[in-house]
There are 2 protein chains.
Amino acid sequence: MNAAERLAGKEVRPSMLRIAVLEYLMHTKAHPTIEEIYHALHPKIPTLSKTSVYNITKLLTEKGLTKAITIDEKQIRYDADVSMHGHFLCERCGRVLDFSLTGISDGALDGFHIHTKEVYYSGVCKSCLKDE
Amino acid sequence: MNAAERLAGKEVRPSMLRIAVLEYLMHTKAHPTIEEIYHALHPKIPTLSKTSVYNITKLLTEKGLTKAITIDEKQIRYDADVSMHGHFLCERCGRVLDFSLTGISDGALDGFHIHTKEVYYSGVCKSCLKDE
DNA sequence: TTTCATTTTTGTAATGATTACAATAATAAG
DNA sequence: CTTATTATTGTAATCATTACAAAAATGAAA
(Lines give C-alpha, C1' and ligand atoms only; values in the text may rest on other atoms or scores of the structure.)
Protein backbone atom coordinates (compact mmCIF):
# COMPACT_ATOMS: atom_id res chain seq x y z
CA MET A 1 0.00 0.00 0.00
CA ASN A 2 1.47 3.33 -0.97
CA ALA A 3 1.67 6.49 1.12
CA ALA A 4 -1.37 8.21 -0.37
CA GLU A 5 -3.51 5.13 0.19
CA ARG A 6 -2.33 4.77 3.75
CA LEU A 7 -3.22 8.39 4.46
CA ALA A 8 -6.65 8.08 2.88
CA GLY A 9 -7.25 4.90 4.84
CA LYS A 10 -6.91 6.91 8.05
CA GLU A 11 -9.00 9.84 6.79
CA VAL A 12 -5.96 12.07 6.43
CA ARG A 13 -6.05 14.25 3.33
CA PRO A 14 -3.07 13.19 1.21
CA SER A 15 -1.35 16.50 0.65
CA MET A 16 1.93 16.56 -1.23
CA LEU A 17 3.92 17.17 1.94
CA ARG A 18 2.22 14.42 3.90
CA ILE A 19 2.83 11.99 1.09
CA ALA A 20 6.45 13.07 0.84
CA VAL A 21 7.10 12.64 4.56
CA LEU A 22 5.32 9.30 4.86
CA GLU A 23 6.93 8.01 1.68
CA TYR A 24 10.34 8.99 2.94
CA LEU A 25 9.75 7.16 6.20
CA MET A 26 8.44 4.12 4.33
CA HIS A 27 11.62 3.88 2.27
CA THR A 28 14.19 4.13 5.03
CA LYS A 29 15.07 1.91 7.95
CA ALA A 30 17.23 4.58 9.54
CA HIS A 31 14.60 5.93 11.97
CA PRO A 32 15.32 9.54 11.06
CA THR A 33 14.93 12.56 13.31
CA ILE A 34 12.94 15.68 12.37
CA GLU A 35 16.21 17.28 11.32
CA GLU A 36 17.10 14.36 9.07
CA ILE A 37 13.67 14.23 7.46
CA TYR A 38 13.85 17.96 6.83
CA HIS A 39 17.30 17.80 5.27
CA ALA A 40 16.38 14.83 3.12
CA LEU A 41 13.26 16.44 1.67
CA HIS A 42 14.32 20.06 1.50
CA PRO A 43 16.31 19.77 -1.76
CA LYS A 44 13.26 18.39 -3.57
CA ILE A 45 10.77 20.64 -1.79
CA PRO A 46 12.53 23.97 -1.23
CA THR A 47 9.51 25.62 0.40
CA LEU A 48 9.34 22.97 3.11
CA SER A 49 9.54 24.29 6.66
CA LYS A 50 10.76 22.44 9.68
CA THR A 51 7.52 23.30 11.47
CA SER A 52 5.66 21.32 8.82
CA VAL A 53 7.85 18.32 9.46
CA TYR A 54 6.99 18.60 13.13
CA ASN A 55 3.28 18.97 12.37
CA ILE A 56 3.13 16.16 9.88
CA THR A 57 5.09 13.61 11.88
CA LYS A 58 2.92 14.41 14.87
CA LEU A 59 -0.25 13.95 12.84
CA LEU A 60 0.96 10.72 11.25
CA THR A 61 1.82 9.34 14.66
CA GLU A 62 -1.54 10.32 16.17
CA LYS A 63 -3.26 8.52 13.30
CA GLY A 64 -1.17 5.42 13.80
CA LEU A 65 0.61 5.70 10.46
CA THR A 66 4.02 6.11 12.04
CA LYS A 67 5.63 5.51 15.40
CA ALA A 68 7.66 7.94 17.49
CA ILE A 69 10.85 6.31 18.74
CA THR A 70 12.14 8.00 21.90
CA ILE A 71 15.12 5.73 22.48
CA ASP A 72 17.49 8.70 22.25
CA GLU A 73 16.57 11.31 24.85
CA LYS A 74 17.84 14.12 22.67
CA GLN A 75 15.57 13.81 19.64
CA ILE A 76 12.49 11.90 18.63
CA ARG A 77 12.91 9.54 15.69
CA TYR A 78 10.18 8.28 13.39
CA ASP A 79 9.38 4.89 11.89
CA ALA A 80 6.74 3.99 9.31
CA ASP A 81 6.93 0.35 10.36
CA VAL A 82 4.27 0.22 13.07
CA SER A 83 4.41 -3.54 13.52
CA MET A 84 5.67 -4.94 16.82
CA HIS A 85 9.46 -4.92 16.93
CA GLY A 86 12.25 -3.77 19.19
CA HIS A 87 14.79 -0.97 18.67
CA PHE A 88 18.47 -1.15 19.47
CA LEU A 89 20.53 2.04 19.83
CA CYS A 90 24.24 1.56 19.19
CA GLU A 91 26.22 3.79 21.52
CA ARG A 92 29.19 3.67 19.16
CA CYS A 93 27.72 4.51 15.75
CA GLY A 94 24.45 6.06 16.90
CA ARG A 95 22.33 3.97 14.58
CA VAL A 96 18.95 2.62 15.65
CA LEU A 97 18.42 -0.94 14.44
CA ASP A 98 15.26 -3.02 14.39
CA PHE A 99 15.09 -6.45 15.96
CA SER A 100 12.29 -8.94 16.05
CA LEU A 101 10.56 -9.64 19.30
CA THR A 102 8.69 -12.67 20.42
CA GLY A 103 7.35 -14.04 23.61
CA ILE A 104 6.98 -11.03 25.87
CA SER A 105 4.62 -12.11 28.58
CA ASP A 106 2.60 -9.23 29.89
CA GLY A 107 0.05 -11.20 31.83
CA ALA A 108 0.87 -8.97 34.78
CA LEU A 109 -1.21 -6.31 33.01
CA ASP A 110 -4.46 -8.24 32.85
CA GLY A 111 -7.32 -5.78 33.07
CA PHE A 112 -5.29 -2.90 31.63
CA HIS A 113 -5.93 -1.30 28.26
CA ILE A 114 -2.62 -1.37 26.44
CA HIS A 115 -2.24 1.15 23.61
CA THR A 116 1.49 1.15 22.85
CA LYS A 117 4.40 -1.20 23.48
CA GLU A 118 7.99 -0.08 23.08
CA VAL A 119 11.12 -2.12 23.62
CA TYR A 120 14.39 -0.21 23.64
CA TYR A 121 17.80 -1.79 24.02
CA SER A 122 21.17 -0.08 23.87
CA GLY A 123 24.75 -1.25 23.64
CA VAL A 124 27.23 -1.82 20.85
CA CYS A 125 26.17 -3.33 17.55
CA LYS A 126 27.84 -6.26 15.85
CA SER A 127 29.29 -4.16 13.09
CA CYS A 128 30.97 -1.73 15.51
CA LEU A 129 32.36 -4.63 17.56
CA LYS A 130 33.90 -6.09 14.43
CA ASP A 131 35.65 -2.80 13.63
CA GLU A 132 37.69 -2.85 16.84
CA MET B 1 21.46 -2.85 51.67
CA ASN B 2 21.02 0.79 52.61
CA ALA B 3 21.74 3.84 50.51
CA ALA B 4 25.16 4.63 51.98
CA GLU B 5 26.32 1.06 51.47
CA ARG B 6 25.10 1.02 47.90
CA LEU B 7 26.98 4.23 47.17
CA ALA B 8 30.17 2.96 48.77
CA GLY B 9 29.84 -0.27 46.83
CA LYS B 10 30.09 1.71 43.61
CA GLU B 11 32.94 3.94 44.85
CA VAL B 12 30.66 6.94 45.18
CA ARG B 13 31.36 9.01 48.25
CA PRO B 14 28.21 8.86 50.38
CA SER B 15 27.52 12.55 50.91
CA MET B 16 24.39 13.57 52.77
CA LEU B 17 22.66 14.69 49.59
CA ARG B 18 23.49 11.55 47.66
CA ILE B 19 22.21 9.41 50.49
CA ALA B 20 19.06 11.51 50.71
CA VAL B 21 18.31 11.25 46.99
CA LEU B 22 19.06 7.54 46.73
CA GLU B 23 17.14 6.80 49.92
CA TYR B 24 14.16 8.70 48.63
CA LEU B 25 14.21 6.75 45.38
CA MET B 26 14.59 3.47 47.29
CA HIS B 27 11.47 4.18 49.34
CA THR B 28 9.09 5.12 46.56
CA LYS B 29 7.61 3.21 43.69
CA ALA B 30 6.30 6.39 42.06
CA HIS B 31 9.21 6.90 39.61
CA PRO B 32 9.56 10.58 40.50
CA THR B 33 10.80 13.33 38.21
CA ILE B 34 13.60 15.75 39.13
CA GLU B 35 10.92 18.24 40.15
CA GLU B 36 9.23 15.72 42.42
CA ILE B 37 12.49 14.63 44.05
CA TYR B 38 13.39 18.26 44.64
CA HIS B 39 10.03 19.11 46.19
CA ALA B 40 10.06 16.02 48.37
CA LEU B 41 13.51 16.68 49.82
CA HIS B 42 13.54 20.47 49.95
CA PRO B 43 11.54 20.79 53.20
CA LYS B 44 14.07 18.60 55.03
CA ILE B 45 17.11 20.03 53.24
CA PRO B 46 16.38 23.72 52.66
CA THR B 47 19.75 24.40 51.02
CA LEU B 48 19.16 21.79 48.33
CA SER B 49 19.32 23.07 44.76
CA LYS B 50 17.61 21.63 41.75
CA THR B 51 20.98 21.50 39.98
CA SER B 52 22.18 19.10 42.67
CA VAL B 53 19.23 16.85 42.05
CA TYR B 54 20.15 16.83 38.36
CA ASN B 55 23.80 16.15 39.13
CA ILE B 56 23.13 13.43 41.66
CA THR B 57 20.52 11.52 39.66
CA LYS B 58 22.85 11.64 36.68
CA LEU B 59 25.75 10.31 38.72
CA LEU B 60 23.65 7.58 40.33
CA THR B 61 22.44 6.46 36.93
CA GLU B 62 25.94 6.43 35.44
CA LYS B 63 27.07 4.25 38.33
CA GLY B 64 24.17 1.86 37.85
CA LEU B 65 22.54 2.67 41.18
CA THR B 66 19.40 4.04 39.58
CA LYS B 67 17.70 3.89 36.22
CA ALA B 68 16.44 6.77 34.10
CA ILE B 69 12.91 6.11 32.86
CA THR B 70 12.16 8.04 29.68
CA ILE B 71 8.66 6.73 29.11
CA ASP B 72 7.25 10.25 29.29
CA GLU B 73 8.88 12.47 26.70
CA LYS B 74 8.47 15.55 28.84
CA GLN B 75 10.56 14.63 31.87
CA ILE B 76 12.95 11.94 32.91
CA ARG B 77 11.87 9.82 35.87
CA TYR B 78 14.13 7.85 38.18
CA ASP B 79 13.91 4.40 39.73
CA ALA B 80 16.18 2.81 42.32
CA ASP B 81 14.96 -0.63 41.31
CA VAL B 82 17.47 -1.54 38.62
CA SER B 83 16.26 -5.10 38.21
CA MET B 84 14.64 -6.14 34.92
CA HIS B 85 11.02 -5.02 34.79
CA GLY B 86 8.66 -3.15 32.51
CA HIS B 87 7.05 0.26 32.99
CA PHE B 88 3.46 1.13 32.19
CA LEU B 89 2.40 4.77 31.77
CA CYS B 90 -1.29 5.38 32.41
CA GLU B 91 -2.56 8.06 30.05
CA ARG B 92 -5.43 8.82 32.40
CA CYS B 93 -3.77 9.25 35.81
CA GLY B 94 -0.20 9.78 34.65
CA ARG B 95 1.23 7.20 37.00
CA VAL B 96 4.10 4.93 35.97
CA LEU B 97 3.57 1.38 37.20
CA ASP B 98 6.01 -1.52 37.29
CA PHE B 99 5.19 -4.86 35.76
CA SER B 100 7.17 -8.05 35.73
CA LEU B 101 8.64 -9.27 32.49
CA THR B 102 9.57 -12.72 31.44
CA GLY B 103 10.45 -14.45 28.28
CA ILE B 104 11.66 -11.72 25.97
CA SER B 105 13.62 -13.48 23.27
CA ASP B 106 16.36 -11.30 21.91
CA GLY B 107 18.23 -13.94 19.99
CA ALA B 108 18.05 -11.61 17.02
CA LEU B 109 20.81 -9.63 18.74
CA ASP B 110 23.39 -12.41 18.94
CA GLY B 111 26.82 -10.86 18.66
CA PHE B 112 25.70 -7.52 20.08
CA HIS B 113 26.78 -6.12 23.42
CA ILE B 114 23.59 -5.21 25.25
CA HIS B 115 23.96 -2.65 28.03
CA THR B 116 20.39 -1.59 28.79
CA LYS B 117 16.94 -3.00 28.19
CA GLU B 118 13.81 -0.89 28.59
CA VAL B 119 10.22 -1.97 28.07
CA TYR B 120 7.64 0.80 28.01
CA TYR B 121 3.92 0.27 27.64
CA SER B 122 1.19 2.86 27.76
CA GLY B 123 -2.57 2.77 27.99
CA VAL B 124 -5.12 2.98 30.78
CA CYS B 125 -4.55 1.26 34.10
CA LYS B 126 -6.99 -1.04 35.84
CA SER B 127 -7.77 1.42 38.57
CA CYS B 128 -8.68 4.20 36.10
CA LEU B 129 -10.84 1.79 34.09
CA LYS B 130 -12.74 0.86 37.23
CA ASP B 131 -13.46 4.54 37.99
CA GLU B 132 -15.44 5.06 34.80
C1' DT C 1 -14.93 31.08 -12.92
C1' DT C 2 -15.64 33.64 -8.66
C1' DT C 3 -16.38 33.72 -3.87
C1' DC C 4 -16.06 32.12 0.61
C1' DA C 5 -14.92 28.85 4.17
C1' DT C 6 -11.81 25.46 5.59
C1' DT C 7 -7.51 23.30 5.79
C1' DT C 8 -2.58 23.32 5.21
C1' DT C 9 1.76 25.37 5.50
C1' DT C 10 4.98 28.65 7.12
C1' DG C 11 7.93 31.79 10.18
C1' DT C 12 8.68 33.59 14.44
C1' DA C 13 8.36 33.66 19.21
C1' DA C 14 7.73 31.18 23.50
C1' DT C 15 8.39 27.16 26.47
C1' DG C 16 10.72 24.35 29.51
C1' DA C 17 13.69 20.53 30.71
C1' DT C 18 18.40 19.85 30.83
C1' DT C 19 23.30 21.19 30.73
C1' DA C 20 27.45 24.26 31.13
C1' DC C 21 30.03 26.80 33.88
C1' DA C 22 32.05 29.43 37.35
C1' DA C 23 31.82 30.55 42.21
C1' DT C 24 31.27 28.99 46.84
C1' DA C 25 31.18 25.57 50.46
C1' DA C 26 32.48 21.35 52.46
C1' DT C 27 35.62 17.65 53.08
C1' DA C 28 39.94 14.95 53.29
C1' DA C 29 44.87 14.61 53.51
C1' DG C 30 49.17 16.09 55.07
C1' DC D 1 45.93 24.68 60.38
C1' DT D 2 46.68 24.75 55.34
C1' DT D 3 45.99 23.21 51.05
C1' DA D 4 44.06 20.40 47.44
C1' DT D 5 40.16 18.07 46.00
C1' DT D 6 35.41 17.24 45.71
C1' DA D 7 30.55 18.59 46.29
C1' DT D 8 27.04 21.90 45.92
C1' DT D 9 24.88 25.97 44.30
C1' DG D 10 22.96 29.75 41.21
C1' DT D 11 22.76 31.68 36.94
C1' DA D 12 23.05 31.64 32.18
C1' DA D 13 22.95 29.06 27.91
C1' DT D 14 21.20 25.34 24.94
C1' DC D 15 18.11 23.32 22.03
C1' DA D 16 14.24 20.33 20.73
C1' DT D 17 9.58 21.06 20.63
C1' DT D 18 5.23 23.70 20.75
C1' DA D 19 2.14 27.79 20.29
C1' DC D 20 0.36 30.95 17.54
C1' DA D 21 -0.96 33.92 13.97
C1' DA D 22 -0.33 35.07 9.15
C1' DA D 23 -0.19 33.48 4.48
C1' DA D 24 -1.10 30.11 1.00
C1' DA D 25 -3.57 26.44 -0.94
C1' DT D 26 -7.64 23.78 -1.52
C1' DG D 27 -12.51 22.54 -1.99
C1' DA D 28 -17.42 23.44 -2.30
C1' DA D 29 -21.17 26.13 -3.86
C1' DA D 30 -23.17 29.28 -6.83
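The sequence lines fix the lettering, A, B, ..., with proteins before strands; numbering per chain opens at 1.
Taking the six-membered ring where the residue is Trp, B/His85 and B/His87 present perpendicular rings, their angle passing 60° and hence far from 30°. Using cut-offs of 30° and 60° for the angle between ring planes, the B/Phe88 and A/Phe112 rings count as perpendicular.
Closest approach to the B/Thr51 side chain among C/dC21, D/dT8, C/dG11 is made by C/dC21 (side chain taken as heavy atoms from C-beta onward). When each of C/dA17, D/dT9, C/dT9 is scored by its nearest atom to the side-chain atoms of B/Ser49, the top-ranked nucleotide is D/dT9. Comparing C/dT19, D/dA16, C/dG11 against the side chain of A/Gln75 picks out D/dA16 as the nearest.
Non-hydrogen atoms lying under 4.0 Å from DNA chain D are contributed by B/Arg13, B/Ser15, B/Leu17, B/Arg18, all within residues 8-19 of chain B.
With respect to the salt-bridge test (charged N to carboxylate O, under 4.0 angstrom), the residues B/Arg92 and B/Glu132 qualify. Between B/Asp106 and B/Lys117, at least one side-chain N (NZ, or NE/NH1/NH2) sits under 4.0 Å from a carboxylate O, which counts as a salt bridge.
Between the NZ atom of A/Lys58 and the P atom of C/dT8 there is a distance of 15 Å, rounded to whole Å. Distance, A/Ile45 CD1 to C/dT9 P: 10 Å, rounded to whole Å. When the C1' atom of C/dT8 is taken as reference, atom CG of A/Leu7 falls 14 Å away, rounded to whole Å. In this structure, A/Ile37 places its CD1 atom 14 Å from P of C/dT9, rounding to the nearest Å. Rounded to whole angstrom, the span from the OH atom of A/Tyr38 across to the P atom of C/dT10 amounts to 9 Å. Straight-line distance from the CG atom of A/Leu60 to the P atom of C/dT8: 12 Å, rounded to whole Å. Here the P atom of nucleotide D/dA16 and the CD1 atom of B/Ile76 are 15 Å apart, to the nearest Å. B/Leu48 places its CG atom 16 Å from the P atom of D/dA7, with the value rounded to the nearest Å.
Here B/Cys125 contributes atom SG and A/Leu109 contributes atom CG; the two are 10.5 Å apart, rounded to the nearest 0.5 Å.
When atom types are taken as modelled, the side chain of B/His42 and the backbone of B/Tyr38 share no donor-acceptor pair closer than 3.5 angstrom.
Contact annotation: A/Thr47 side-chain N/O to C/dT10 OP1/OP2 distance is under 4.0 Å. Using a 4.0 Å cut-off, some side-chain N or O of A/Tyr54 falls inside it from OP1 or OP2 of D/dT17.
Nucleic acid contact for B/Lys50: none, since no nucleic acid atom lies under 4.0 Å from a heavy atom of the residue.
Place B/Lys74 and B/Asn55 on DNA chain D by their nearest nucleotides, and B/Asn55 ends up nearer the 5' end.
Linking Ile, Leu, Val, Met, Phe, Trp and Tyr whenever their side-chain heavy atoms come within less than 4.5 Å leaves B/Tyr121 and B/Val124 in two separate clusters.
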